[in-house]
Number of protein chains: 2
Amino acid sequence: MSMSKKTLVADHLREALARGDFEPGQRLPGEEELAEELGVSRATARLGMRLLQDEGRISIVAGRGAFAADPRPIIHLATPLSGEDSERFESGYRAHLRKAGHLDVDERVKVSLDTMRAKVARRLGEKPGSGLVVIRSSNRYVDGALWQSQITYLPFGIAGGTVLMSPEHLNEGVGAALRELGFHEEWNRDIVGARMPSTSEAETFRMGPGIPLLLQERVVYQGERPLRFTVTLMPADRHQLLYAGGEVPESSWLPDPDVNVFER
Amino acid sequence: MSMSKKTLVADHLREALARGDFEPGQRLPGEEELAEELGVSRATARLGMRLLQDEGRISIVAGRGAFAADPRPIIHLATPLSGEDSERFESGYRAHLRKAGHLDVDERVKVSLDTMRAKVARRLGEKPGSGLVVIRSSNRYVDGALWQSQITYLPFGIAGGTVLMSPEHLNEGVGAALRELGFHEEWNRDIVGARMPSTSEAETFRMGPGIPLLLQERVVYQGERPLRFTVTLMPADRHQLLYAGGEVPESSWLPDPDVNVFER
DNA sequence: CACCTCAGCTTGTACCAACAAGCTGAGCGG
DNA sequence: CCGCTCAGCTTGTTGGTACAAGCTGAGGTG
């Protein structure tokens, strides 16, 4: 069984990467060079490199060349915390970003009002089409590129006419605002999945090919009543989610920055 | 700003799919047909279709054609449960698969003994290279294809010479076995991420291009002592993870089968 | 020194041609 | 009726050519 030539090209590069011939971020041989070295046409070399790109191992930039991938995911604490814990982590999150060399962190919040789409109505336990939802979209930008996109849907019966409808007066976050309004976020259900981004999503997140999108959906309840529904989109090479469960010792909450599911 | 032709091909198909012109699983026009219809070469039509494939929206099969994607993820309850709850869910998981029409469910367990790799040692809080680990790899097959792959690492000091080293006598699962040995799985830390599969991973899971791999790493502790480290690999079009947190009402544990983060 | 332009390198797009390989179903033979 | 073979359709691979477009740095201009 002989492999196809493009597979040989891909294997050649994969092995070189596994051997450590190239530091993360370092430039690899170009299409022309690789084609000559392995005795294939430029088209074939290109297809082989594309395989590596689709595996997320290299990043190809038009006009510059191919570079060894350098994923540095940031671990998010996804387990819901009580008030002061959540603040402690929030500051930790920004600090974590700063420590990784990302100084330019910006958050933009937009609030709008709309009728419920079918999916949102189902999550919030309402009849589709009928009610209104307050939609809070919060986009975090790091170094000018979209880092994380979050959309929170709140039933109008809960958020209508309250502080939750003004983007400015919400420094404490949605959870704290709900608490002040007399609601209690008692429990939540998260669903985590992944899919490839559409071309437009890949653009706004500035994701190269071969990078999946991590999706988190959270519905927060008080008893049987849904308080909010939050959808979070994150490029998977920059985000990983931490869930702690059971009787977690006080000292073990914070994530270990070295933990990373990409490591082999 | 005029788009490239392959982008036009991709847009043409994307819109047709969004319009609902094609049922999930239905065959789309082929490369040749599409090329003629849009006045481009077969090579260009091919590139355009590949974009859609990379987005996970269509699935291309050699010799047959392209088909509208039909993701039907199964929701896994990822929140650790106490004894009887976990059994209730385990049966629910199989039932869920059966309900989705997957009758051929098989699980193969292999056990081996090895020295610790650096990563495993770090998670289990041991010195790298020194200790031994018991490695339990459990692969679940559905309809003949690998559905989920799980590797559990147990320190030799815990699992060595016990029932955990024999694949057969472990119907109750690793958690129950640890309990019988006098250990208590008090709390855990999960990290969830996603990346694209390597070509070999894509083969064993029978994943088409454009489908990411969902990764879950779990370390289970008793106090400060790590009891086990489990890595789970799952194709993201067939798996989504459910995490419940806070004071969850008794009646709300089971996942709603209609919940699906892919729905727009 | 600051700014701009542009040559030259690299990847991106597009087309053509030819053959290989995978899949299905019609049709033949037992 | 069952099973096998094979024609015919569809995608996969490879080579070739040509030009477009993105990026960088050298070098000129003010």
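Letters A, B, ... are given to chains in the order of the sequence lines, protein chains preceding strands, and every chain is numbered from 1.
An OP1 or OP2 oxygen of C:dG12 is reached within less than 4.0 angstrom by a side-chain nitrogen or oxygen of A:Arg46. Neither OP1 nor OP2 of D:dC9 sits under 4.0 Å from any side-chain N or O of B:Arg64. For the OP1/OP2 pair of D:dT14 and a distance below 4.0 Å, the side-chain nitrogens and oxygens of A:Lys5 include no atom meeting the criterion. Applying the 4.0 Å criterion to OP1 and OP2 of D:dG15, one finds that A:Thr44 has a side-chain N or O inside that range.
Counting heavy atoms from C-beta outward, A:Met196 and B:Asp54 have side chains that stay 4.5 Å or more apart. Looking at A:Gln216 and A:Val231, their side chains never come closer than 4.5 Å, going by heavy atoms from C-beta outward. The closest side-chain heavy-atom distance from B:Leu242 to A:Asp190 is not below 4.5 Å.
Rounding to whole angstrom units, CD1 of residue A:Ile60 and P of D:dC23 are separated by 15 Å. A straight line from CE of B:Met49 to P of D:dT10 spans 11 Å, rounded to a whole angstrom. To the nearest angstrom, C1' of D:dT11 lies 11 Å from CD of B:Gln53. C:dA14 atom P lies 15 Å from atom CZ of B:Arg50, rounded to whole Å.
At least one donor-acceptor pair under 3.5 Å links the side chain of A:His239 to the backbone N or O of A:Trp147. B:Gln26 contributes a side-chain N or O that, together with a main-chain N or O of B:Glu23, makes up a donor-acceptor pair within less than 3.5 Å. Put simply, the side chain of A:Arg108 never gets that close to the backbone of A:Tyr141: no donor and acceptor are under 3.5 Å apart. Counting only distance, with no hydrogens or angles, the side chain of B:Glu201 and the backbone of B:Ser198 share a donor-acceptor pair below 3.5 Å.
Out of D:dT13, D:dG15, C:dG12, the shortest distance to the side chain of A:Ser4 is found at D:dT13. For A:Lys6, counting side-chain heavy atoms from C-beta on, the closest listed nucleotide (C:dT13, D:dG22, D:dT14) is D:dT14. Listed nucleotides D:dT11, C:dT11, C:dC15 differ in distance to B:Ser41; the shortest reach to its side chain belongs to C:dC15.
Ion pairing of A:Arg42 with A:Glu33 is absent here, as no side-chain N (NZ or NE/NH1/NH2) approaches a carboxylate O to less than 4.0 Å. Contact check on B:Arg123 versus B:Glu217 returns a salt bridge, with a Lys/Arg side-chain nitrogen under 4.0 Å from an Asp/Glu carboxylate oxygen.
Applying a 4.0 Å cut-off to non-hydrogen atoms, none of the residues of residues 24-35 of chain A approaches DNA chain D. For the contact set between residues 205-212 of chain A and DNA chain D, defined by any heavy atom under 4.0 Å, there are no members.
Below the 3.5 angstrom threshold, one finds a donor paired with an acceptor across the side chain of A:Arg42 and the base of C:dG12.
The nearest heavy atom of DNA chain D to A:Ala62 and to A:Ala45 marks one nucleotide each, and the one closer to the 5' end goes with A:Ala45.
As judged by a 4.0 angstrom heavy-atom cut-off over every strand, B:Leu47 is placed among residues making no nucleic acid contact.
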